[in-house]
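Read the structure below first, then the notes.
All values derive from a computational prediction rather than experimental measurement. Just so it is clear, the values below take in all heavy atoms, side chains as well, and ignore hydrogens, waters and symmetry mates.
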Amino acid sequence: GSYFAYEGIISEKDREIWTTNVMNENLQYQVADLHQNLSELNKYFDNIKKLDQLAAKKVFGEKKSDDMEVSGLSVGSEEAKKKKAAGEGVQKVLYNIREKVIERISSLEGVVGMTGLKVMDLASVNDGLRQALGSTGSHQGGIYAPIGDEGEGIFNRDEFDSEVHYLTQLEQVIHALPLEKPMRAYWVSSRYGRRVDPIRKRRAMHAGIDLVGSYKSEVRSTAPGFIKRSGVYGAYGRFIEVSHGSGITTRYGHLNKMFVKQGDEVKRGQIIGLQGNSGRSTGTHLHYEVRYNNKTLNPEKFLKAGKYVF
C-alpha cells in the first residue's frame, strides 16, 4: 500500500514539473515574439513621419500628376513606385503590430473581468493605469481601435503610443493580481459565500475559501507584494496578510508556521508558511481570502482567471 502511495506522489510531482516546464516554455515564446515585434517596430519608426507627410500630401494618390515629385522623382517613375510599395509595407507591419497590441489588451481586460473586478475599479486606485486609460480616450474600461485593411489610412503614432502605454500599465496590474494557487495541490472543503458555520452550526458569511492539502503543505504568496501583517490574529490563528497594490490584499489563516514578517517583500509563488490548524478551526487547512479595498471577493474567480494567464 505504501509503495503505491509513493508512486502516486512521484507521478503527481512529475506532472507538476512537466506543467511548470510547459508554462516556462510558453512564456519564453511570448517574450521572444514580443521582442521580435518591438524590433520590427523600432526598425520602421524612423520612417513613419516621412510616410505620414507623403500620404497627407496624397503623393501616392490615385491621381498621378507629372509635376508632383518625391525626392526629385515624378510619381510615375519606377523609383517613386518603389517608395510607394515600401511605404505600404511599413504600414502593413505597423498595422499588424498594433493589432497584436489591441488583441493583448482585450485578452488582459478579459482576465480582469473574470476575477469580478473591472479595469476602471483598478484604475481608481492605480495612478499609472488611470493616466494611461485616460490618454486612450476610453472611459468604459477598454479601447476600441478598429483595424482596417492593410495600407488603408494613415498610421496614427500618437494613438499607438497611448495604446502601448496603456498595455504596459495593464500588464503591470495583471502581474500584481493574486492569480497563482496558494498551494500546489489541494481540495476545496468550504467555498466562498453563505454557509452553515462549522462551529456554531448557523448560517454565516464565509469570507474566503478553505483549502485542504497534505499535512503541513507549503503555503505560497499568490502574487508579488509586501507583508502587511504576520502573527497571531484572533480567529485566523497564525495569520499572514499580503498587500499587492491597487487596493488588492490576500489573507492566509490557520497556519502552522510563518516564514515572513511584517514589511518583508515577497515574490509570486514564494513560500510564506505551512498549512495548519491554529485559531478557530476544526481541522488542518488553509483559509484563503482575496480583498479589494477591504471588500471580500471570491478567490475561486481569481484562481480560474490564473489558469488563462499561466
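- Using modelled atom types and a 3.5 Å distance limit, the side chains of Ser107 and Tyr308 yield no donor-acceptor pair.
- Residues meeting the side-chain contact (heavy atoms from CB on, under 4.5 Å) test with Val125, sequence neighbours left out: Ser246, Tyr292, Asn293.
- Considering only heavy atoms from C-beta on, Leu167 comes within 4.5 Å of Leu108 through its side chain.
- Counting only heavy atoms from C-beta outward, the side chains of Gln275 and Met183 approach each other to under 4.5 Å.
- Residue pairs meeting the salt bridge (Lys or Arg N to Asp or Glu O under 4.0 Å) criterion with at least one partner in residues 115-128, sequence neighbours excluded, are Asp127-Arg130.
- Here Arg184 does not pair with Glu218 in a salt bridge; the nearest charged N to carboxylate O distance is not below 4.0 Å.
- For the ring pair (Phe, Tyr, Trp, His ring centres under 6.0 Å) test, residues two or more places apart in sequence or in another chain that qualify with Tyr233 are Tyr236, Phe239.
- Side-chain contact annotation: His165 with Glu163, donor-acceptor N/O pair under 3.5 Å absent.
- Under a 4.0 Å N-O distance rule, the pair Arg191/Glu300 qualifies as a salt bridge.
- For Ser217 and Tyr215, the side-chain atoms include no donor-acceptor pair closer than 3.5 Å.
- The same ILVMFWY cluster, assembled from side-chain heavy atoms under 4.5 Å apart, contains both Val260 and Ile248.
- Residue pairs meeting the salt bridge (Lys or Arg N to Asp or Glu O under 4.0 Å) criterion with at least one member in residues 243-259, sequence neighbours excluded, are Glu241-Arg251.
- Chaining together hydrophobic side chains whose heavy atoms lie under 4.5 Å apart places Phe259 alongside Ile271, Leu274.
- Side chains of Tyr186 and Ser214: no donor on one and acceptor on the other come within 3.5 Å.
- In this structure, the side-chain contact (heavy atoms from CB on, under 4.5 Å) partners of Ser189, at least two apart in sequence or on a different chain, are Trp187, Asp210, Val212.
- For the residue pair His244/Thr250, the side-chain donor-acceptor check at 3.5 Å is satisfied.
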Evaluate salt bridge (charged side-chain N to carboxylate O under 4.0 Å, His left out) for Arg220 paired with Glu180, printing each intermediate quantity in order. CA-CA 9 Å; Arg220 300 170 184 267; Glu180 184 64 82; over 6 Å; no
